[in-house]
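Quick notes on the structure that follows.
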Amino acid sequence: MKSAVETLNPTRVRLTVEVPFEELKPSLDAAYKKINQQVTVAGFRKGKIPARVIDQRFGRGAVLEEAVNDALPKFYTDAVNEGELNVLGQPEVDITELKDGELLAFTAEVDVRPEIEIPDYSGIEVTVDAVEVSEEDIDKSVEQLRDRFATTSVVERAAADGDTVTVDLEAKVDGEVLEDGVAQGVAYTIGSGQLLDGIDAAVTGLSAGETATFTSELKGGSAEGKEAEVKVDVSEVKSRELPALDDEFAQLASEFDTLDELRADSRKRLEQMKKYDQATQAQEKVLDALLELAEIPIPEKLLQDEIETRKHNLVSHQLGQMGLDLKKYLEIQGKTEEEFDAETKEQAEKGIKTQFILDELVNKEKLQVGQEELTEHLMRRAQSSGMSPDQFAQAVVEGGQVPMLVGEVARGKALAVVVEAAKVTDSNGEVVDLEDEEEDEAGETVEAAESAESTEAAESADAAEAKADAKAEEKSEG
């Protein structure tokens with residue numbers, strides 16, 4: 001077999017392959033054997049039909065087509081390996097010549113990973129937020145904890161902001177009560193914004209046993225988007241009472257004896273969270289700076305596939321679970337479809353570029369992933385997926401996704417190398433030391449940039465069959 005590679009552009013090549021006919025013999029033998037098992041000819045036992053009879057009855061072209069379809073994946077793979085190509089996606093195969101007994105020739109156009117020159121990243125400088133915890137931050141944290149220990153009690157007075165009311169609702173459109181427009185015994189906290197627009201004003205000032213009506217645009221159900229007249233009956237009013245902020249509360253809500261100790265612990269936890277956020281911010285900014293420095297062409301087909309994958313994951317999985325469609329989601333986000341498409345394309349481009357350049361860094365720096373690093377990453381991914389480590393590991397192995405996880409860890413290590421070389425200062429001008437931060441945090445930054453799993457697939461040679469069928473028969477008949 002002879003093969004040659006022609007570079008069409010930085011991300012696409014054309015392979016030209018010529019195969020001497022004798023190299024097709026194993027596939028020709030397999031084709032005759034397969035056809036033998038599929039057909040019946042009077043006078044011959046099944047599986048014992050001579051090749052010349054098959055040629056006469058079914059045509060030599062059918063045999064050649066079967067043989068070529070069987071052989072193409074191997075010849076394509078051999079040509080890819082000979083050219084030392086890092087291919088992406090499926091090839092477009094065209095059989096250019098098929099002379100019975102002489103020669104098989106074909107071309108295969110396929111996207112490839114571009115050759116990327118790693119820029120000098122030692123001069124990258126970024127500024128991140130300083131780690132500062134104010135008394136207001138601590139007050140807010142303690143107040144949130146206090147809110148979790150609030151109690152409610154029934155009161156004999158008019159409902160006010162912050163109270164929880166139990167209500168019955170009845171919605172009418174054009175004077176008719178909707179089948180799905182009646183709800184009873186609904187608990188609602190005034191001011192929470194969790195129900196219909198206008199309900200806060202309607203129930204504020206009502207006591208148990210009183211009724212009000214208001215109009216509101218329905219957010220779901222059979223009359224979604226329509227204006228409805230809603231009747232609300234209040235059956236109970238409850239007042240929320242917060243515990244006093246004292247040492248007794250600290251003992252109730254934590255392992256500490258005093259409120260001062262609780263506040264000191266809140267400060268410590270907030271500092272740790274802000275340090276984590278600071279490290280993440282540094283990694284994101286360093287990654288953006290690295291991408292700005294590098295020239296990274298993207299295969300158009302890969303980009304389009306990635307965009308479609310991101311849209312599909314959003315619509316079919318995330319929005320589907322929330323009972324939303326894309327139109328409603330865009331309304332909530334206050335975005336046009338054009339803005340959404342532009343953002344999705346930008347995110348897809350960044351994800352692909354991130355993977356390309358960090359993979360190149362992994363190769364350049366000869367970074368290796370140890371078993372302990374892979375296990376730690378697997379544990380973290382399992383936790384975020386809501387699965388047990390054993391379940392997640394089994395799913396990863398069965399799905400053949402171990403190389404994908406190894407790649408994620410390796411890219412995280414590559415980003416950590418760039419961050420270590422960069423100069424990171426905070427908004428106060430102080431140098432930020434990130435040496436103690438885990439490489440897995442860099443991995444999270446990489447995953448966020450890539451967002452959806454890249455649609456790039458390790459090339460399966462079986463894809464070479466895609467366009468071969470008709471071409472093989474056409475050429476053999478010629």
Side-chain angles (χ1 to χ4, degrees), residues 128-166 187-194 200 204 236-284 372-373 375-390 392 424-445 448:
V128 296
D129 296 333
V131 174
E132 296 175 341
V133 178
S134 66
E135 289 299 312
E136 184 179 347
D137 293 331
I138 300 172
D139 289 343
K140 184 178 179 181
S141 175
V142 173
E143 196 62 32
Q144 289 173 343
L145 181 62
R146 185 187 182 202
D147 192 64
R148 286 164 48 189
F149 285 85
T151 58
T152 60
S153 57
V154 177
V155 292
E156 300 296 331
R157 60 166 173 76
D161 188 46
D163 287 345
T164 298
V165 291
T166 303
Y188 175 67
T189 300
I190 300 175
S192 66
Q194 298 298 310
D200 288 336
T204 299
E236 188 176 63
V237 178
K238 288 184 177 180
S239 173
R240 298 181 77 254
E241 297 179 6
L242 296 171
L245 279 177
D246 52 22
D247 292 346
E248 187 176 340
F249 166 70
Q251 295 164 18
L252 170 69
S254 70
E255 71 272 28
F256 302 106
D257 294 326
T258 68
L259 185 60
D260 287 341
E261 290 175 331
L262 174 60
R263 289 179 65 86
D265 181 69
S266 294
R267 176 183 292 279
K268 182 179 179 181
R269 286 187 297 103
L270 288 171
E271 285 178 347
Q272 290 173 338
M273 289 172 57
K274 285 180 179 279
K275 283 182 180 179
Y276 178 87
D277 291 343
Q278 186 187 62
T280 301
Q281 188 182 26
Q283 291 155 3
E284 290 172 350
E372 185 177 345
E373 293 171 316
T375 300
E376 289 177 0
H377 183 66
L378 187 147
M379 298 279 283
R380 184 172 59 80
R381 285 291 302 270
Q383 186 176 17
S384 64
S385 71
M387 301 170 67
S388 72
D390 287 344
F392 186 79
V424 182
T425 55
D426 66 20
S427 52
N428 292 332
E430 299 291 329
V431 175
V432 177
D433 182 9
L434 298 173
E435 287 186 8
D436 293 335
E437 299 302 326
E438 295 292 329
E439 286 170 351
D440 231 12
E441 291 179 15
E444 290 183 14
T445 301

* Structure fact -> Taken to the nearest 0.5 Å, the spacing of Ile138 CD1 from Glu271 CD works out to 8.0 Å
* Asked: Is there side-chain contact between Glu376 and Arg380, with at least one heavy-atom pair below 4.5 Å?
  -> no
* Does Arg263 come within less than 4.0 Å of Asp139, counting only side-chain N to carboxylate O? -> yes
* To do: Starting at OG1 of Thr166, measure out to NZ of Lys238 and round the result to the nearest 0.5 Å.
  => 6.0 Å
* Asked: So do Leu242 and Asp147 actually touch side chain to side chain, heavy atoms under 4.5 Å?
  -> yes
* Asked: Going by atom types only, do Asp277 and Thr280 share a side-chain donor-acceptor pair under 3.5 Å?
  -> no
* Nearest heavy atoms of Asp200 and Gly191, plus distance in Å -> OD1-N, 3.1 Å
* Structure fact -> Interatomic distance, CG@Asp137 vs NZ@Lys140, rounded to 0.5 Å, equals 8.0 Å
* Asked: Closest approach of Arg240 and Ala150, non-hydrogen atoms and distance?
  -> NH2-CB, 3.4 Å
* Structure fact -> Sorted by chain and number, sequence neighbours left out, salt bridge (Lys or Arg N to Asp or Glu O under 4.0 Å) with Glu156 holds for none
* **Over all atoms of both residues, closest heavy-atom pair of Ala244 and Phe249** => O-CB, 3.2 Å
* Asked: Is any side-chain heavy atom of Ser141 closer than 4.5 Å to a side-chain heavy atom of Leu270?
  -> yes
* **With sequence neighbours excluded, residues passing salt bridge (Lys or Arg N to Asp or Glu O under 4.0 Å) with Glu143** => Arg146
* Asked: Going through the distances and angles, do Asp161 and Thr204 end up as a side chain to side chain contact (heavy atoms under 4.5 Å, CB included)?
  -> CA-CA 7 Å; Asp161 188 46; Thr204 299; 5.8 Å; no
* Asked: If you measure from CG on Asp246 to CG on Leu259, what distance do you get to the nearest 0.5 Å?
  -> 7.5 Å
* **By salt bridge (Lys or Arg N to Asp or Glu O under 4.0 Å) - contacts of Asp163 (at least two apart)** => Arg157
* Structure fact -> Minimal heavy-atom distance between Ala253 and Leu145, with the atoms involved, is CB-CD2, 3.8 Å
* **Heavy atoms from other residues, nucleotides or ligands near CD of Gln383 exceed 12 (cutoff 6.0 Å)** => no
* Taking the side chain as every heavy atom from C-beta outward, state whether Gln194 and Thr189 have any pair of such atoms under 4.5 Å apart. => no
* Search all heavy atoms of Pro389 against all heavy atoms of Leu378 and return the closest pair with its distance. => O-CD2, 3.8 Å
* Asked: CG/Leu262 to CD/Gln251 distance, rounded to the nearest 0.5 angstrom?
  -> 11.0 Å
* **Rounded distance (nearest 0.5 Å) linking atom CZ of Arg267 with atom CG of Asp265** => 12.0 Å
* Test item: Asp426 and Val131 side chains (from C-beta on) under 4.5 Å apart, heavy atoms -> no
* Do you see a donor-acceptor pair shorter than 3.5 Å between the side chains of Ser153 and Ser239? -> no
* Heavy-atom pair with the smallest gap, counting every atom of Ala382 and Ser385 -> O-OG, 2.8 Å
* Asked: Is it true that Asp129 and Lys274 have a side-chain N and a carboxylate O under 4.0 angstrom from each other?
  -> no
* Does CD belonging to Glu248 count more than 12 external heavy atoms closer than 6.0 Å? -> no
